[in-house]
Amino acid sequence: HRSQAVLEDPPYSEKRCPDRTEKSSISMNKVKSWEDLKGILENLPSHSEFVLPSFQVTKTERDNPIVLRSALQLSCISRGACIIMGDQDEGGGGFVIIQGARAKVRVQGITFLNASDTAVVVSKKAGLSKDGNPALEQVFCECHFFSNNGGEGGAIRADSRTRVHIESSVFSHNYSTLGTGNTDNSGVGGGAIHNNAESMNVWFSTFDNNSAQIGVIYTHPESTLFISQNTFLLGDDEREYESAAVYVYAEDISSFVDYGGNRGYDRNGGEDRDFIYCNGVYVNNEDECIPFGDIPSTSGRENDSSGRECIDAQGVFRSHRGTLKRCDWMAIGSRKNKNCNGKTELGRMCCEECSSMSSTSNIRGGNKDQSVTESTGMPSTHPTGLPTVLPLERPSITPVLPPNEGGIKDVVFYVLGDAPYQRKEFDDDQFPKQVRDIPNDSDFVFHVGDMQRTKTSLCNITWYQHVADILRYSTSPVFITPGDNDWLDCEPYIGAKQGWAHWKNTFGFFDSHWQPHKFKLVRQPNLLENVSFLYQRVLFVVVHLVSDYFDIESERKYRHTEQLKWTKQQIATNEGFFDSIVIIGHSPPSALNRDFFSAKESGISETVSELGIPVVYIHGSGHKFVEEEQFNNLDHFLRIQIPGRTSNPVKVTIKNSNMFLFDFRDGNTTTQCCENGWPYISKLNDVIL
């Protein structure tokens, strides 16, 4: 086993995920079924580099997986748009097996969904020849694994004498079905990954609600796991037997190496739960949990050093009494004598007490007010569809503002929406030009929804994918909120549920295309399309607001109630870190969303009234410019409806974190309120609030 005494650069530390090509190697009409895909991939010549088109195939047979035996590099033309899924009724078994001495496979940008057995298996000795050299490496880049249920490892199982590298991938709601309720831990576990490989690297990946008896990633005694820059969102509303982010079943603690940047959070709080998770690496023979990341200050005061002496330790242990111990690996020469020079010996580490936290503090690394937004536990009843792509950025726990050399910088962003509607907007280059012509001064871009006219598109998945491909022309991150046309108005054609599945599968966490970007996003746990972030002392909140009579009332009320509560929570959590607020949605105020806005119904206007700072609601849907000063009778609440359609994206500039300027970039449209910047009580007296 590799020693952790000296943390050098990780082995094979260069990234394995190359830039994807924009041209597919296979005709779109050739991948229509599981048999098509299996026939193509199993018959590729060795050392092929193949780019797959966007596709979605369903596997119904439990047997008949794709078997890859040679050197292949397979990538999807658009990340997450190549979908392999198991039939929800018939099962479908596992999807891919990598085996054979010549196997050296790189899989990039492919989604694996609903396998009824481990989705991908790297078989024993895959890539291992008889020449004495190390096994060839099997690589998974930018892949998505959702709702896969395996005996050992829901998403990936790596058998012995193999080498595996996993990078920039997402694992969500995968489940290890073997060993649940058993007392013998050997041979079980790994909600997402079951690692029996000689060596496995896991880098820059996100794990969310992956359940197993003993951990999200399970590692065998004779395996080595190298982890860096991963996020583990632990806790599941239905299953409570994931004991740790990483579980090392070891005779020697050195069978894992933590190169830093790993973080673990409890999605559901935890102080009222009987089951305690390990926020980090649990090593069974030491019976201790090594939490990830830096230990926050217990006081919350910026200059307080309490707890900060624990930072930069190679390990931090927390007792059940809340005592923190800062630990470092013994020097190799000291191990025989187990000499810690007066410090406490703990396994192969030397430790000393560095801080004390409240015994009621969450074991995952901080006070309750620093944890990720709690989920209500209520499932969203409509729509469900395909799981959303989860974020690759690290969740923000406390407000983090970018450095401001020389003071607050201007914020510049562009807003477009209600486009494209007609096929000619593609054919005549109207919509592509709208996106290409967004100036480079933009920090980011918002699309406020309605990217189709359903009578034209019929809600075909290729329309969604074509829009996504064009939005990727943007040089700045694009954040999207759905409009009613994007899913509700699909009801007469493919059904609203399937329309939502298409939207989520194509645009869920769309900003990850520009990762890493500078925005620390917080997503609403039970409505993941909603995001919030702080930038230059402005709080941005994107919410799913649509007004459509296809929307079922109970589901609309649930959605509005949950996102209103979450929006108010974002405002309260970040209080003191912002000077103004921008809310982005799709629909104008109406009777169907009054519960979100109205102060009389404890809507967002109630909070805006209490804050007394500039708040702007920007939306689409109306296909014409509308401005409403004193929105909901509040002097500092402004509503702007962008014209959308074929109009130029609206440029919004925020100066000094609280003065708004709007430029419609058409030489004609102007705001009545804001030629010199809003907020103003009125244009006539130019009195700044």
Would you say the side chain of [Y] lies within less than 4.5 Å of the side chain of [X], judging by non-hydrogen atoms?
X    : Y    : answer
F519 : P477 : yes
F444 : V478 : no
F140 : Q108 : no
H220 : H194 : yes
I66  : L37  : yes
F145 : L113 : no
V120 : Q138 : no
V216 : V246 : no

Would the F479 and F510 ring centres measure less than 6.0 Å apart?
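Aromatic pair excluded; centres sit 6.0 Å or further apart.
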is_close_aromatic(F171, F232), centroid dist under 6.0 Å:
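F171 vs F232: aromatic centres not under 6.0 Å.
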Where is the tightest heavy-atom contact between [X] and [Y], given as atom of each residue plus distance?
X    : Y    : answer
S116 : G93  : OG-N, 2.7 Å
T162 : S123 : CG2-O, 3.1 Å
E152 : T118 : O-OG1, 3.4 Å
G109 : C76  : O-CB, 3.3 Å
F533 : K520 : CB-O, 3.6 Å
E142 : S169 : N-OG, 3.4 Å

Residue pair K518, Y535: steps toward the side chain to side chain donor-acceptor pair (under 3.5 Å) verdict
CA-CA 9 Å; K518 57 189 174 184; Y535 184 60; 3.0 Å; yes
Atom CG of residue position N133 - does it have more than 12 heavy atoms of other residues, nucleotides or ligands inside 6.0 Å?
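Count over threshold, so yes.
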Looking at [atom1] of [X] and [atom2] of [Y], how far apart are the two atoms once the value is rounded to the nearest 0.5 Å?
X    : Y    : atom1 : atom2 : value
R472 : H513 : CZ    : NE2   : 6.0 Å
S172 : N174 : OG    : CG    : 7.0 Å
H165 : R106 : NE2   : CZ    : 11.0 Å
S199 : R161 : OG    : CZ    : 13.0 Å
I83  : T58  : CD1   : OG1   : 9.5 Å
S223 : L225 : OG    : CG    : 9.0 Å

Should the pair D87-K59 be classified as a salt bridge under the 4.0 Å nitrogen-to-oxygen rule?
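Salt bridge: no.
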For the pair D511 and R523, find out whether any cationic side-chain nitrogen is under 4.0 Å from an anionic carboxylate oxygen.
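Yes, this pair counts.
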Passes side-chain contact (heavy atoms from CB on, under 4.5 Å), V281 versus Y247? Steps please.
CA-CA 6 Å; V281 179; Y247 188 103; over 6 Å; no
With L41, the side chain to side chain contact (heavy atoms under 4.5 Å, CB included) member among L72, V105, L52
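Among the candidates, only L52 passes.
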Any donor and acceptor pair, going by atom type alone, linking the side chain of [X] with main-chain N or O of [Y] inside 3.5 Å?
X    : Y    : value
W34  : M85  : no
S176 : G151 : yes
D159 : N196 : no
N230 : S205 : yes
N148 : F146 : yes

Please test W203 against I227 for side-chain contact (heavy atoms from CB on, under 4.5 Å), starting from the C-alpha separation and ending with a verdict.
CA-CA 6 Å; W203 301 93; I227 54 175; over 6 Å; no
Verdict with supporting geometry, I193 and I166, side-chain contact (heavy atoms from CB on, under 4.5 Å):
CA-CA 10 Å; I193 298 171; I166 299 166; 3.6 Å; yes
Might you work through the side chain to side chain donor-acceptor pair (under 3.5 Å) test for S46 and R102, ending with a clear yes or no?
CA-CA 9 Å; S46 186; R102 293 180 298 169; 5.7 Å; no
Please name all residues satisfying salt bridge (Lys or Arg N to Asp or Glu O under 4.0 Å) with K104, sequence neighbours left out, ordered by chain then number.
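Applying salt bridge (Lys or Arg N to Asp or Glu O under 4.0 Å) to K104 gives none.
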Pair N505, W503 - check side-chain contact (heavy atoms from CB on, under 4.5 Å), show working.
CA-CA 6 Å; N505 185 56; W503 189 93; over 6 Å; no
